[in-house]
Amino acid sequence: WLVGARSAITGAARDGARYASIEHDPLAVCTTPPCPTGYPTAAEVTAYVTDRAGRYGVDSVTVSPSALTRNQVVTVTGTRTRPDGGSPFTALLGLGDTTYTSTAEARAE
C-alpha cells in the first residue's frame with residue numbers, strides 16, 4: 001500500500017500543481033455557462049487531485065494561494081492516512097496509522 005499510495009499521491013499533487021498553474025482557455029468550447037475563465041479555483045484543483053489519486057484517494061488537499069495570478073508559484077499538497085486496521089502484521093512491525101503527504105509546486109503561466 002505504501003509504495004502504491006506514494007506513487008499515486010505524488011503524481012496527483014504534481015499533476016494538480018500543473019493544472020492549477022494553467023489558465024482556462026477562453027476559446028475552448030463551453031456547453032454549460034458560465035464558462036470558466038482565469039486560473040482554476042481551489043475547489044477545481046482539489047477535485048482534479050482527488051480524481052488523479054485514483055483508488056488510493058486523498059484525505060485532504062491544500063492549494064496555496066487559493067487565488068492565483070500570473071507568474072506566482074502555486075503549492076499543492078495531498079495527504080492520505082491509512083488506519084492500522086488491527087492487522088497482526090502491522091502490530092508485529094510496530095506500525096500504527098500510516099500517513100503519506102506529498103507537495104508539488106508550479107509557476108503560473
Side-chain angles (χ1 to χ4, degrees):
W1 183 88
L2 290 175
V3 173
R6 178 177 184 218
S7 178
I9 296 168
T10 298
R14 183 180 54 243
D15 292 349
R18 178 72 179 142
Y19 175 72
S21 71
I22 299 173
E23 284 187 271
H24 288 296
D25 183 1
L27 300 176
V29 176
C30 177
T31 58
T32 55
C35 298
T37 59
Y39 292 98
T41 65
E44 290 173 319
V45 175
T46 297
Y48 187 81
V49 170
T50 301
D51 181 59
R52 298 293 294 165
R55 68 184 184 103
Y56 290 97
V58 289
D59 295 327
S60 67
V61 177
T62 305
V63 181
S64 177
S66 58
L68 196 61
T69 59
R70 187 173 300 279
N71 212 24
Q72 191 174 20
V73 174
V74 61
T75 303
V76 176
T77 302
T79 302
R80 175 74 165 121
T81 299
R82 180 174 188 253
D84 168 15
S87 163
F89 180 70
T90 57
L92 177 68
L93 296 175
L95 300 174
D97 294 352
T98 305
T99 301
Y100 186 75
T101 300
S102 183
T103 301
E105 294 181 339
R107 185 169 302 278
E109 299 175 356

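In this chain, numbering begins with 1 at the start of the sequence shown. Here the structure is a predicted model, which means the values were calculated and not measured.
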If you take all heavy atoms of [X] and [Y], which pair is closest and at what distance?
X   : Y    : result
P65 : V73  : CD-O, 3.5 Å
G16 : V49  : CA-CG2, 3.6 Å
A13 : A104 : O-CB, 3.5 Å
L68 : A108 : CD2-CB, 3.6 Å
V58 : A53  : CG1-CB, 3.8 Å
A8  : Y56  : CB-CD1, 3.6 Å

Report the distance from atom [atom1] of [X] to atom [atom2] of [Y], rounding to the nearest 0.5 Å.
X   : Y    : atom1 : atom2 : result
R14 : I9   : CZ    : CD1   : 12.5 Å
D15 : R52  : CG    : CZ    : 4.0 Å
D59 : T101 : CG    : OG1   : 9.5 Å

Practice prompt. Quick one: do E23 and R70 satisfy side chain to side chain contact (heavy atoms under 4.5 Å, CB included)? Show the steps, please.
Written response: CA-CA 9 Å; E23 284 187 271; R70 187 173 300 279; 2.5 Å; yes
Looking at [X] and [Y], would you say the former's side chain and the latter's main chain have a donor-acceptor pair under 3.5 Å?
X   : Y   : value
Y39 : S66 : no
T50 : T46 : yes
S7  : G4  : no

Worksheet item: Can you tell me if CZ on R6 sees more than 12 non-hydrogen neighbours from other groups inside 6.0 Å?
Response: no
Worksheet item: Given side chains that start at C-beta, do those of P40 and Y19 come closer than 4.5 Å, heavy atoms only?
Response: yes
Worksheet, complete the sentence: For Y100, the ring-ring contact (aromatic ring centres under 6.0 Å, His included) test, sequence neighbours excluded, returns none
